[in-house]
Amino acid sequence: MPLRVYNTLSRQKEDFQTVTPGKVSMYLCGPTVYKPAHIGHMVGPVIFDTIKRYLTYSGYQVTWVVNITDVDDKLINRANEKGVTVDALAKEMTQDYFDNLKTMAVDGIDHFPYATQHIQEMQDIIATLIEKGFAYPLEGDVYFNCAQDADYGKLSGRSLEQLLVGTRAETHGGKRHPADFALWKGSKPGEPAWPSPWGPGRPGWHIECSAMAKKILGDSIDIHGGGLDLMFPHHENELAQSESCTGKPFARYWMHNGLMQASGASGKVGGGHDKQGDKPADLTAAKEAQEANKLAGSKGAASVKELFAKHDAETIRFFLLATHYRSPIDFSDDRIAETGKSLEGFHRLFETFERISGNSFYAISAGTSRDQSPSFSGESSPLYLELHELRRRYLESMDDDFNTGGAVGVLFDLRKTLNAYISDQKLDTANPDTSHLPPLKAGMGLLKELSSILGVFRVAKPKVKTADDATLDGLMQLVIQIRADARKNKNFAVADLIRNKLNELKITLEDRTDQTLWRRG
RNA sequence: GGCUCCGUGGCCAAGUGGCUAAGGCAACGGAUUGCAAAUCCGUCAUCGUCGGUUCGACUCCGACCGGAGCCUCCA
C-alpha cells in the first residue's frame, strides 16, 4: 500500500512520488515575527514535523524549510507602536518562536531562511518576471500581471472574472487588473528599504517564499505546506510567480492544515438566527462573534507560553495530532484537559513496565526505520500476532494522508493490549517467572517506535528533585508505613482516614499486593 | 454574492459501496480490592434531513437544513 497524500491542487489523494526518488523537499510557510506566537501557529509545525518523521521513518531523506518573515507592514506598525526598531522586534519574536518549537518537540526543521537576507534573490525573480512580461513596474512598485498567467487561480479554484466581481477593494490607479499584486513595494520615508532597479522599497508578501524555496530547495519542490487561510491569496500568488518565472511546476503537493478555533470563551456563533439576509443587525453581531472566535489576529488569543504554564506541551502536541490535520480544531482548556486524562494511562503503563522489568520505557531504543522494524510474524507468543496487526494498522493509517488520528487510536489499542497481557500473565505481582517478559518488552519497543513517529513519549517528564521533594517523599514513606500497620491490624478506619485526607491534598494512594504506591494528582 | 470544506453514540474523534462503524473522555455492570486506586472483561451509535443511482450506501449524485474557512498581508 503506497503512501497517499491529499493534494489541494487536485482536491484528491494522490500516490506520493517525489521529484528525486528517495528524497523529499518540504517548505512550510513560517511566521511573521511581530508578536508572540499563539497556539494556532504551532499547528503547522507540529503536523509537518510529524510528517517529516514519518517520511524519514519510511526511508526518505527529507529537507524541511520554514521561513521567517522579518519585514512586513505588521512588523513595521508594531515596532513603531512599541518604539523599537523593526530588527529588534523581529529578533525578539523569532526567539519566542524558536523557544516554542523546542517546547513542542519540533526539531526537524533544517533551514530557517530570513526574508531580509534574500532580497537579492527576490529581485532576481522580479527582474525575470518583468523580462518575461509577467510583471510591470508602476510608480516605484512592481506588480504581477495576473492576466498574463493562463492558469492563475488553479490552486484556490478561482478565476480572474470571479475575482473581479468579488473584489470590492479599490484598485490602485494604474493596476491593470484588480487581482494584480505587489512584488515590490516602494517605500515611504522612515520605512525599511532596500535599493532596487525600481527604486528603494521592500518585497511584497509572497515573493519571499518563492525566492527562498527556489534557492534552498530548487525550482520544483515536493511538498508545500501552510495553513488553509494561506491558500488564497498567498499560495496562489506564490505559485503564479514561481511557475511564471521558472516555467516549471512549483510544488507537487500542496498541503493545507485546518485552522484552530477558539471555542467556549464566547457563545457559539449562529445558534438559531434566521435564514440569511433579513436582519442586518444580527448579521453584524454574528460577524463580530465570529471575529472574536478567530484566533488569528485576535488579541485575546493566549500566547503559547501562557498555555505551557497551564498544560503540558506533550499533551498539547498529542491533542493536535488526535485530529486529522485537514480538519479545523476546536481549542479549549477542557479539550486539552481531556487529552491529558487520556494520556495518564500511558504514563501509568510506563511505571508499571519499569516496576516489572527494571527498564525505563524512555531508555528503550526502538526501531527508527520501517524496514528494520521487527515484523513479529515468525514469533510464537499470541501477543506477537497482535503486535504485528497493530503495527500494520498504524502504518496503514499513516500511509493514508498521514492520518494521525487513526494512528493515535492504534496507540490506545496497543496500550490496552499490553495492559491485558500484563494482567493475564500476572506480571505485576512479583511474579518470579520471567519467561513472559520478552513479549512485553517487544510490545513496549513497538509502542516506543510508533509514538516516536508522532513525537510523543520521547523523554521522561523531568523529575526535579528539590529538598522539598525529598522531604515529602520521606514523609510519604512514613505515612504509608503507619497506614500499612493499621491495615495489618484491620484498623481500616484509620487507614481510610489517611487515604481520604491525602486525597484532599491531591495525593492518590494505590495499594498493590506487595507495596503501596503514591502519586500526586 | 463567488470559491472551498464539514455535519458519525452524552462530549471529542477515525473510517468504509456489502464482514462485528476504530479509539478517547464520561456513564453503567462485572472481575480484582478489607474498601478504594490502578488494571482487566463487558454494555452504550445505523452515521444532519429528504430524494436518486445501485442487487446493496453512512460511504456516490442532487436538493434542503445547519456549521466553518477564504474572497480584506491571519499559520
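Throughout, protein chains are lettered first and strands after them, A, B, ... in sequence-line order, and every chain is numbered starting at 1. FYI, side chains are in, hydrogens and waters are out, and symmetry mates aren't considered; it's all heavy atoms of this structure.
Atom P of B:C65 sits at a distance of 15 Å from the matching atom of B:U49, rounded to the whole Å. Rounded to the nearest Å, the gap between the P atom of B:C41 and that of B:C19 is 25 Å. Comparing B:G18 with B:A57, their P atoms are spaced 11 Å from each other, to the whole Å. Of the C1' atoms belonging to B:C44 and B:U8, the separation is 15 Å, rounded to the nearest Å. Of the P atoms belonging to B:G29 and B:C70, the separation is 47 Å, rounded to the nearest Å. Separation of the P atoms belonging to B:C58 and B:G66 is 24 Å when rounded to the nearest angstrom. Between the P atoms of B:A13 and B:A68, the separation comes to 15 Å (whole Å). The C1' atoms of B:A21 and B:A45 are separated by 8 Å, rounded to the nearest whole Å.
Computed from coordinates, the A:Leu320 CG to B:A75 P distance equals 16 Å when rounded to whole Å. As rounded to whole Å, 10 Å separates atom P of B:A75 from atom NE2 of A:His234. When the P atom of B:U39 is taken as reference, atom CG of A:Leu517 falls 13 Å away, rounded to whole Å. Taking atom CZ of A:Phe346 as the reference point, atom P of B:C25 lies 9 Å away to the nearest angstrom. Computed from coordinates, the A:Asp229 CG to B:C5 P distance equals 17 Å when rounded to whole Å. Atom pair A:Gln12:CD and B:C5:P shows a separation of 11 Å (rounding to whole Å applied). Rounding to whole angstrom units, CZ of residue A:Arg158 and P of B:U4 are separated by 9 Å. Rounded to an integer number of Å, the gap from A:His347 NE2 to B:A38 P is 16 Å.
Figure legend. B:U46 is base-paired to no nucleotide; pairs are counted as Watson-Crick or G-U wobble with both atom distances under 3.5 Å. The base-pairing partner of B:U39, taking Watson-Crick or G-U wobble contacts with both distances under 3.5 Å, is B:A31. The base-pairing partner of B:A22, taking Watson-Crick or G-U wobble contacts with both distances under 3.5 Å, does not exist among the strands shown. Across all strands shown, B:C70 forms a Watson-Crick or G-U wobble pair, both distances under 3.5 Å, with B:G2. Nucleotide B:G51 has B:C61 as its partner under the Watson-Crick or G-U criteria, with both atom distances under 3.5 Å. Pair assignment for B:U16 gives none, since no Watson-Crick or G-U wobble pairing has each distance under 3.5 Å.
Here A:Glu338 pairs with A:Arg335 in a salt bridge; the nearest charged N to carboxylate O distance falls below 4.0 Å. A:Asp399 and A:Lys13 are not joined by a salt bridge, as no carboxylate oxygen comes within less than 4.0 angstrom of a charged side-chain nitrogen. Looking at A:Lys416 and A:Asp413, no side-chain N of the basic residue comes within less than 4.0 Å of a carboxylate O on the acidic one, giving no salt bridge. Under the 4.0 Å criterion applied to side-chain N and carboxylate O atoms, A:Arg392 and A:Glu389 are assigned as salt-bridge partners.
When the nucleotides B:C25, B:U39, B:A38 are ranked by their closest atom to the side chain of A:Glu510, B:A38 comes out on top. Distances were taken from every side-chain heavy atom of A:Lys416 (C-beta onward) to each of B:C40, B:A22, B:A26; the shortest belongs to B:C40. Here B:A75 is the nucleotide among B:A75, B:C35, B:A37 with the atom lying nearest to any side-chain atom of A:Met260. Side-chain proximity of A:Asp413 to B:A22, B:C40, B:G24: nearest is B:A22. Side-chain proximity of A:Phe412 to B:G23, B:G15, B:A37: nearest is B:G23. Candidate nucleotides B:C71, B:C25, B:C40 were compared by shortest atom distance to the side chain of A:Phe232, and B:C71 ranks first. Checking B:G34, B:G23, B:C5 against every side-chain atom of A:Arg487, the shortest atom distance belongs to B:G34. Across B:A22, B:A75, B:C25, the shortest atom-to-atom separation from the side chain of A:Arg393 is found for B:A22. Side chain of A:Asn419, nearest nucleotide from B:A36, B:C5, B:C40: B:C40.
Of all the residues in residues 491-504 of chain A, A:Phe492, A:Asp496, A:Arg499 reach under 4.0 Å from RNA chain B with at least one non-hydrogen atom.
For the side-chain contact (heavy atoms from CB on, under 4.5 Å) with A:Tyr253, the qualifying choice from A:Met26, A:Glu14, A:His224 is A:Glu14, the only one to do so.
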Identify each atom pair where a protein N or O and an N or O of nucleotides 10-13 of chain B are less than 3.5 Å apart, giving names and distance.
residue, atom, partner, partner atom, Å
B:C12, O4', A:Arg335, NH1, 3.3
B:C12, O4', A:Arg335, NH2, 3.0

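Take the nearest nucleotide of RNA chain B for A:Gly226 and for A:Arg512: the residue whose nucleotide is more 5' is A:Arg512. Closest-nucleotide positions on RNA chain B for A:Asn403 and A:Asn257 were compared, and the one nearer the 5' end corresponds to A:Asn403.
Here the side chain of A:Arg483 pairs a donor or acceptor atom with the backbone of A:Ala495 at under 3.5 angstrom.
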Give the intermediate values and the outcome of salt bridge (charged side-chain N to carboxylate O under 4.0 Å, His left out) for residues A:Arg393 and A:Glu396. CA-CA 5 Å; A:Arg393 275 176 51 208; A:Glu396 187 178 77; over 6 Å; no
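Between A:Val456 and A:Leu343 there is no side-chain heavy-atom pair separated by less than 4.5 Å.
A:Pro45 and A:Trp64 get closest at one heavy-atom pair: O-CH2, 3.5 Å. Residues A:Tyr27 and A:Glu208 share a closest heavy-atom pair of OH-O, 4.5 Å. Here the shortest heavy-atom pairing between A:Tyr421 and A:His436 reads OH-O, 2.9 Å. A:Leu440 and A:Leu383 get closest at one heavy-atom pair: N-CD2, 4.1 Å.
As judged by a 4.0 angstrom heavy-atom cut-off over every strand, A:Leu509 is placed among the base-contacting residues. At a threshold of 4.0 angstrom between heavy atoms, the contacts of A:Arg202 with the nucleic acid are absent. Using a 4.0 Å heavy-atom distance criterion, A:Arg519 is classed as a sugar-phosphate-only contact. Within the nucleic acid shown, A:Gly227 comes within 4.0 Å of sugar-phosphate atoms alone, with no base atom in reach, counting heavy atoms only.
Shown here is A:Lys426, whose NZ atom has no more than 12 heavy atoms of other residues, nucleotides or ligands within 6.0 Å.
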